[in-house]
Amino acid sequence: MKLAKIVILDLLLVLLLSACGASEKIATPGQVAADFWQAMEIGDRARAEQLAVPGSLDGSTMNFEAEGNRIDNITFTEAIASSDMAVVPTTIEGEFNNRPVKFSFDTRLVPMEGDWKVDFNTTSTGMMG
């Protein structure tokens, strides 16, 4: 009798834990790209680093907070994803070095430990043409 109660309690616990785990949603590549660029736009380097492949922002000199630089608009179109990479077509409009700019590129992401991360090395290469 006691063994049956333990087994039932164990099953209930497993069901409860699996239901909790199922409710956690993994951010889509599009969501991660949008969060990353928002962090970059407002100068939140720490948040951008959380959303990027470790080390991929090292040496980056992008500073949207600097005098003469600003982002007026960032748009994204639908992400294209496979099991090992994703691209999110991205367009940025604004001003860089006091000149108006509009450029399109792919924000590239890779899966890491169950989350999508921006591969800024590859993304920045695409930004530069």
Is a side-chain donor-acceptor pair under 3.5 Å present for Thr107 with Thr123? no
A side-chain contact here means heavy atoms from C-beta on lying under 4.5 Å apart; do Lys102 and Thr91 qualify? yes
Flag, side chain of Arg70 to backbone of Asn98, donor-acceptor distance under 3.5 Å: no
Taking every non-hydrogen atom, the tightest pair across Met85 and Pro111: N-CD, 4.1 Å
Is Asp35 close to Arg47 at the side-chain level, that is, under 4.5 Å between some pair of heavy atoms? yes
Can you find a pair of side-chain heavy atoms, one from Val53 and one from Asn121, that are under 4.5 Å apart? no
Side-chain heavy atoms of Phe96 within contact of Phe103, under 4.5 Å: yes
Side-chain heavy-atom pair Val32, Lys117 within 4.5 angstrom cut-off: no
Please verify the inter-ring angle class for Phe120 with Phe36; under 30° counts as parallel, over 60° as perpendicular, anything in between as tilted. tilted
Contact summary for Ala79 and Gly30, nearest pair of heavy atoms: CB-N, 4.3 Å
I'd like to check Pro54 versus Glu49 (side-chain heavy atoms, cut-off strictly below 4.5 Å). Are they in contact? no
Any idea which heavy atoms bring Ala33 and Leu109 closest together, and the distance? N-CD2, 4.3 Å
